[in-house]
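Notes to accompany the following structure.
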Amino acid sequence: MLAEDVVYRLRSIYPEGYFHINKDPFYLLISTVLSQRTRDDVTIPTTQKLFNVFGTAQEMAAAGTDEIEGLIKNVGFYRVKARRIIDISNIILNDHGGVVPDSIEELVKLPGVGRKTANCVLGYGFEKDVIAVDTHVHRISNRMGLVNTSEPDETEKALEKVILKKDWKDINGLMVLFGQNICRPVGPRCEECIMDDICAKIL
Ligand code: SF4
C-alpha cells in the first residue's frame, strides 16, 4: 500500500524522527503558537529565547506584554502572539490548575489554538494517536497523491483513512524533516528523492 511504503521510507531516512524536540506540553503549546506563519528556523531559536527568560505558565502570565513582545519580535504577528501567550498562560493557571489539558476539546478553546497546534501538543507531548497537519504535512501529502485536499483539516481526516493508526503521531515529525530538506515548499529536490518512483508529483 502506498501510505505504508511512504512511512517506511521516511522512517528509513529519519530513524530517530523528530528526536530533538522538547516534549514538555507547555513548551510545545507556546512554540506551536509562535510557529504560525513563521519559518521553522525562526521559530525554534525564538521559542528558546522566550523560555530562557520566562520558563513557566506562571512566569508568562505575570510578564508584561512588552517584555514578551521584545523576546519574540522575530516571528510573524508577534504583538498578537504576545497577547495570546499571556492569555493562554492565564487560562492554564486559572482553569486547568497550571497543567496543559490533554484533550482536543479543551485545547482548541485556548486563544489562537487550532487543530494543528492542539494535535502537536497531543501527539508529541501526550503521545496520543493524532495526525498534526501543518504546512509540510498538507503540502507533501497532496504532492505525493496520498490525499487530494485543499485545507489542512480535510487532510487530517483523509490521512487518517490511509495511514495506519500506529504511525499517526510520527507523521508530523517525519514530514517536517522531509519538507525542510527534500520536499521543500519551493524547489523540491525530486531528482534525489527516495519517493521519486511512487510520488504523483502534483506540484
Ligand atoms: S518526488 Fe518531489 S514532489 Fe515527490 S516527495 Fe519527492 S521531492 Fe516531493
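Only this structure's heavy atoms are used, side chains among them; waters, hydrogens and symmetry mates stay out.
You'll find the side chain of Asn142 stays beyond 4.5 Å of the side chain of Ile202, heavy atoms only. Side-chain contact between Trp168 and Glu160 is present, with at least one heavy-atom pair separated by less than 4.5 Å. Side chains of Cys183 and Met175 form no contact here, defined as non-hydrogen atoms less than 4.5 Å apart. Between Gln36 and Thr117 the shortest side-chain heavy-atom distance falls below 4.5 Å. The shortest distance between side-chain heavy atoms of Pro152 and Lys116 does not fall below 4.5 Å. Side-chain atoms of Ile91 and Pro111, non-hydrogen and from C-beta on, do get closer than 4.5 Å to each other. Counting heavy atoms from C-beta on, the side chains of Tyr124 and Asn172 come closer than 4.5 Å. At least one side-chain heavy atom of Ser141 sits less than 4.5 Å from a side-chain heavy atom of Val147.
Salt bridge annotation for Asp196-Lys201: present, with a cationic side-chain nitrogen under 4.0 angstrom from a carboxylate oxygen. Of the charged side-chain nitrogens involved, at least one lies within less than 4.0 Å of a carboxylate oxygen, so that Lys109 and Glu106 count as a salt-bridged pair. We find that Lys157 and Asp153 are not joined by a salt bridge, their nearest charged nitrogen and carboxylate oxygen being 4.0 Å or further apart.
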Handout entry: side-chain hydrogen bond (donor to acceptor under 3.5 Å, both in side chains) assessment of Thr65 paired with Glu69
Key = CA-CA 6 Å; Thr65 311; Glu69 284 178 359; 5.9 Å; no
**Prompt:** Stepwise, does the side chain to side chain contact (heavy atoms under 4.5 Å, CB included) test hold for Val137 with Asp134?
**Reply:** CA-CA 5 Å; Val137 176; Asp134 65 1; 3.3 Å; yes
Inset, instruction - Before giving the answer on side chain to side chain contact (heavy atoms under 4.5 Å, CB included), spell out for Met195 and Leu10 the whole-Å C-alpha distance, their side-chain angles and the decisive distance to 0.1 Å. - result: CA-CA 9 Å; Met195 306 292 179; Leu10 287 172; 3.6 Å; yes
### Task
Report the C-alpha separation of Phe54 and Leu71 in whole Å, then their side-chain angles, then the decisive distance to 0.1 Å, and conclude whether the side chain to side chain contact (heavy atoms under 4.5 Å, CB included) test is met.
CA-CA 10 Å; Phe54 302 109; Leu71 292 165; 3.6 Å; yes
Test log, rule side-chain hydrogen bond (donor to acceptor under 3.5 Å, both in side chains), inputs Thr38 and Thr43: CA-CA 6 Å; Thr38 300; Thr43 302; 5.0 Å; no
**Request:** Please step through side chain to side chain contact (heavy atoms under 4.5 Å, CB included) for the pair Leu159 and Val162, ending with a clear verdict.
**Result:** CA-CA 5 Å; Leu159 284 177; Val162 296; 4.2 Å; yes
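Note on Val80 and Ile86: separate hydrophobic clusters, where clusters join Ile, Leu, Val, Met, Phe, Trp and Tyr whose side-chain heavy atoms are under 4.5 Å apart, directly or indirectly. When the side chains of ILVMFWY residues are joined at heavy-atom separations under 4.5 Å, either directly or via intervening members, Phe77 and Val113 end up in two distinct hydrophobic clusters. When the side chains of ILVMFWY residues are joined at heavy-atom separations under 4.5 Å, either directly or via intervening members, Val133 and Leu2 end up in a single hydrophobic cluster. No continuous path of hydrophobic side-chain contacts links Leu29 to Val99 [ILVMFWY only; heavy atoms under 4.5 Å].
For Asn148, the CG atom is loosely surrounded, since the number of other residues' heavy atoms within 6.0 Å does not exceed 12. A 6.0 Å sphere centred on CZ of Arg11 holds more than 12 heavy atoms belonging to other residues, nucleotides or ligands. Surrounding CD of Gln58 are at most 12 heavy atoms belonging to other residues, nucleotides or ligands under 6.0 Å away. More than 12 heavy atoms of other shown residues, nucleotides or ligands fall within 6.0 angstrom of atom CD in Glu59.
Here the CZ-CD distance, from Arg9 to Glu4, works out to 13.0 Å after rounding to the nearest 0.5 Å. Of the inter-residue distances, the one linking Met60 atom CE with Asn90 atom CG reads 12.0 Å to the nearest 0.5 angstrom. Put simply, CG on Leu107 and NE2 on His96 are 8.0 Å apart, with the number rounded to the nearest 0.5 Å. For the atom pair Glu191 CD and Ile182 CD1, the distance stands at 9.0 Å (nearest 0.5 Å). Rounded to the nearest 0.5 Å, atoms CD1 (Ile30) and CD1 (Ile88) are 5.0 Å apart. Note that the CD1 atom of Ile104 and the CG atom of Asn119 stand 4.0 Å from one another [nearest 0.5 Å].
The minimum heavy-atom distance between Ile163 and Ala3, with the atom names listed, is CG1-CB, 4.1 Å. For the pair Cys190 and Leu203, the tightest heavy-atom approach, listed with the atom from each and the gap, is SG-CD1, 4.5 Å. The two atoms that bring Glu154 and Ser150 nearest to each other are OE2-OG, 3.0 Å, heavy atoms only. The shortest non-hydrogen separation linking Lys81 to Leu34 is NZ-O, 2.9 Å. Considering all non-hydrogen atoms of both residues, Ile131 and Glu156 come closest at O-CG, 3.6 Å. Between Leu93 and Ala61 the shortest heavy-atom distance is CD1-CB, 3.7 Å.
Below 30°, between 30° and 60°, or above 60°: for Phe51 and Phe26 the angle between ring planes is above 60°, a perpendicular geometry.
Using modelled atom types, one side-chain atom of Arg184 and one backbone atom of Gly187 make a donor-acceptor pair closer than 3.5 Å.
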